[in-house]
Structures are given as structure tokens and as C-alpha cells.
2 protein chains.
Amino acid sequence: MYTIGQVSEMFGLPVSTLRYYDREGLFPGMERSSGIRRFGEKELEALRVIECLKKSGMEIRDIKQFMEWCARGSETYPLRRELFLRQKDLVEAEIQRMNRVLDMIRYKCWYYEQAVRDGNEERLALMRPEDMPEEIKRAYENAHEK
Amino acid sequence: MYTIGQVSEMFGLPVSTLRYYDREGLFPGMERSSGIRRFGEKELEALRVIECLKKSGMEIRDIKQFMEWCARGSETYPLRRELFLRQKDLVEAEIQRMNRVLDMIRYKCWYYEQAVRDGNEERLALMRPEDMPEEIKRAYENAHEK
DNA sequence: CCTTGACCTAAAGTTAGGTTTAGGTCTTAT
DNA sequence: ATAAGACCTAAACCTAACTTTAGGTCAAGG
């Protein structure tokens, strides 16, 4: 069992954030001894999941919902499975989106490389995808399509 | 030349958002005819870049900085190139992070699939990575390492 | 003529996810 | 005995990125 300060250290999260999570109901049924929070293995695993779901873009209130399902036991396994399946689709879509953004940025890196060399954008203004290097053309078209 | 309403349609952005962007200085030197904004090709390209940079996680004030560099002309090519190079690293790191999150979620999908079948978590509680299917073991270890 | 609809501004309001503040308790080291 | 250092709460504050509101201009259609 750990104190809030120890958990803060372990996860690199401010104490105030851990208290905020608790206030928001992300640790349902957490123990206390004379008012002081006691983080057990259950809460540590909860925190790992919280970090993962947060990075996946889920909001606190939905994470709370999930934690409540966990507290309810085996009857909610299907709900939890559906949640992760939905989240998987969302994250896969997000990664695809980011790859398109990355291609746009790669194109811009190349563009300004040329602009720096030329000293102006005249040549670039006239350039069509087929005049670009293969790799850049690919990035340009992926970034601009649809 | 387009009105704010036409641009709103074209980009699927609320008119209020376009006005907000303008207020924040994202269209330096945009024309007006008797008070009414006139969006030209310059502003449309600016908007495409704004969408890209926003998705890459850049804040409005930094996008404004970039737009001011664009307005200043060829002397700022190096600054703009550096900006995109930095942004490229950031997005690449973000994609890596998302892939780890995705592996954690894949593991959880599998986990709850098993839990639903078993009706409890007893078997899962005893399971070590080497007992997991190859693909899941990989995801689990990628998601939990470091 | 007068109403509708697109445009405008300034300013206030909203939301998420925290952080900070102010005041209090408890334990431990000097 | 007192001062430092963890812990606690409630409530106020913060920031980014919008959105909403309230009030106004102007052109076209019935």
C-alpha cells in the first residue's frame, strides 16, 4: 500500500492531479486510513489504464464509467470489451490521420528546403506533383487527397 | 474571392471559428470590402496549413507566428523550414506514442475477450506473457516496456 | 415598406482538465 | 514545545479554443 506522495513519484504525476482523479471518481472504493488515501495494486493498475485511455483521447467522465464497471465485477466484462474495441478503432483512425499530417509536414519540409535554396518560390509555384521527387510526390498526394 | 460563409461551407468550419482565427491574427493582411472579409487563394492555403498544424498539436499563437513569417516574405524561409522540421519530430514521436497506446488497447481487447469466455479473471490473473498468444504477447510487452 | 438573411463587432460565456490557495490535522525530529 | 513535512478539503483560479449573445449595417425580395 502506498501514500499519495509515493504514487505521485512512481507515476510522475502531481499530487493535485491524483486527488483530482479521485474527486472525479476514478478510484471507486479506494481505501483510507483515518482520512488518508491508501493506494493498493488495484489503484495502481487503474492508474495505468487511466494513462492509456487518456492518451487514447478518452474523457475523464468516460474513464470513470469504465472504473465503475470494473468495480461492478464480472457482469460488466462485455461492456468493458466493447469499450476497448471502440477505442481501438478510434486510435487506429487517429494514427492514420496523424500519418497524413506527417506527410503534409514532410512535403512542407521539402518545400522550404527548396525555397531556401532558390531564394524565392517561383520555381515551386509552377511545380506539379509529377515534377517532384518520388518520395515527396507520394507525401504530397497522400496529404492532399480527398 | 470568397465570403466567410462560402469558406465556412468549403472547410466545414463554423463562421464563428473563422472570425476567431482572424481575430487571433491567422490571416495577416486579409482584404476587406466595406467591412466584409474577402478570402482569397492566400487565405485558403493558410487555412489548409492551419488545419494541418492544428492537427499536429500546434497552438494558435505559434500558428500566428508562422503566418506572420509568411507575410514577411523570403527572408523567413529558414525559420519556416526549422518550424516544419521541429514539427516533424513532434508528430513522429506522437505516432510512436499512439502505437504503444494501441498495443495496450489490443491487449485489453484480448484480455476482456478471455474474461467474457471464462466468466472470471482467475485464469488471466495467473497468466504470464509467455503463456499469451504470440501477437498479444508482443502487444503486451511493447505497451508495458520501460 | 419591411422583413429576411448574410455580414459585422465587442464582450461574455463555456468546457476540460487541471492547479492554486487557504486553512486545518497529524507525526516526527530538534 | 515547536517547527517541518506529509497528508486532508473546499473553493477559487487558470488556459486554450471556441461559441454565444446582443446589438448593428446593408442588399434583395415580396
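Per chain, numbering begins at 1; letters A, B, ... match sequence-line order.
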**Request:** Determine, step by step, whether B/E82 and B/R86 satisfy the salt bridge (Lys or Arg N to Asp or Glu O under 4.0 Å) criterion, reporting the C-alpha distance in whole Å, the side-chain angles of both residues, the deciding distance to 0.1 Å, and the verdict.
**Result:** CA-CA 6 Å; B/E82 297 322 312; B/R86 271 198 310 283; 5.9 Å; no
**Message:** Tell me the closest heavy-atom pair linking B/V116 and A/P78, and the distance in Å.
**Reply:** CG2-N, 3.8 Å
**Complete:** Taking every heavy atom of B/A115 against every heavy atom of B/E121, the minimum-distance pair comes out as CB-CG, 4.4 Å
**Asked** What's the verdict on salt bridge (Lys or Arg N to Asp or Glu O under 4.0 Å) for B/E75 and B/R72, showing C-alpha distance, side-chain angles and the deciding distance?
**Response** CA-CA 7 Å; B/E75 64 179 304; B/R72 259 171 58 201; 3.5 Å; yes
**Item:** side chain to side chain donor-acceptor pair (under 3.5 Å) partners for A/N142, two or more places apart
**Value:** A/D103
**Side-chain N or O of A/T17 closer than 4.0 Å to phosphate OP1/OP2 of C/dT19** = yes
**Prompt:** Can you find a side chain N or O atom of A/T3 that sits less than 4.0 Å from OP1 or OP2 on D/dA6?
**Reply:** no
At what distance, to the nearest 0.5 angstrom, does [atom1] of [X] lie from [atom2] of [Y]?
| X | Y | atom1 | atom2 | value |
| --- | --- | --- | --- | --- |
| B/F66 | B/M58 | CZ | CE | 8.5 Å |
| A/E43 | A/L26 | CD | CG | 11.0 Å |
| B/N99 | B/R106 | CG | CZ | 7.5 Å |

Nearest-Å distance for atom pair [atom1]/[atom2], residues [X] and [N]:
| X | N | atom1 | atom2 | value |
| --- | --- | --- | --- | --- |
| A/L26 | C/dA16 | CG | C1' | 14 Å |
| A/M30 | D/dC7 | CE | P | 12 Å |
| B/Q6 | C/dG5 | CD | C1' | 14 Å |
| A/K64 | C/dG17 | NZ | P | 13 Å |

Just the atom pairs and distances: protein N or O near nucleotides 21-25 of chain D's N or O, under 3.5 Å.
none

**Asked** Less than 6.0 Å separating the ring centroids of B/Y140 and B/Y107?
**Response** yes
**Item:** Letter per nucleotide, 5' to 3', of nucleotides 8-17 of chain D [B base touched, S only sugar-phosphate touched, - untouched; heavy atoms, 4.0 Å]
**Value:** BB------SB
**Item:** Qualifying residues under ring pair (Phe, Tyr, Trp, His ring centres under 6.0 Å), relative to B/Y112, sequence neighbours excluded
**Value:** A/F84
**Prompt:** Axis-to-axis angle across the helix from C/dC1-D/dG30 to C/dT30-D/dA1, five pairs an end, to 10 degrees?
**Reply:** 20°
Side chains of residues 123-137 of chain A: which donor-acceptor partners sit under 3.5 Å, not counting sequence neighbours?
residue	atom	partner	partner atom	Å
A/R123	NE	A/D118	OD2	2.7
A/R123	NH2	A/Q114	OE1	2.8
A/R123	NH2	A/D118	OD2	3.2
A/D131	OD2	A/R128	N	3.1
A/E135	OE2	A/R138	NH1	3.2

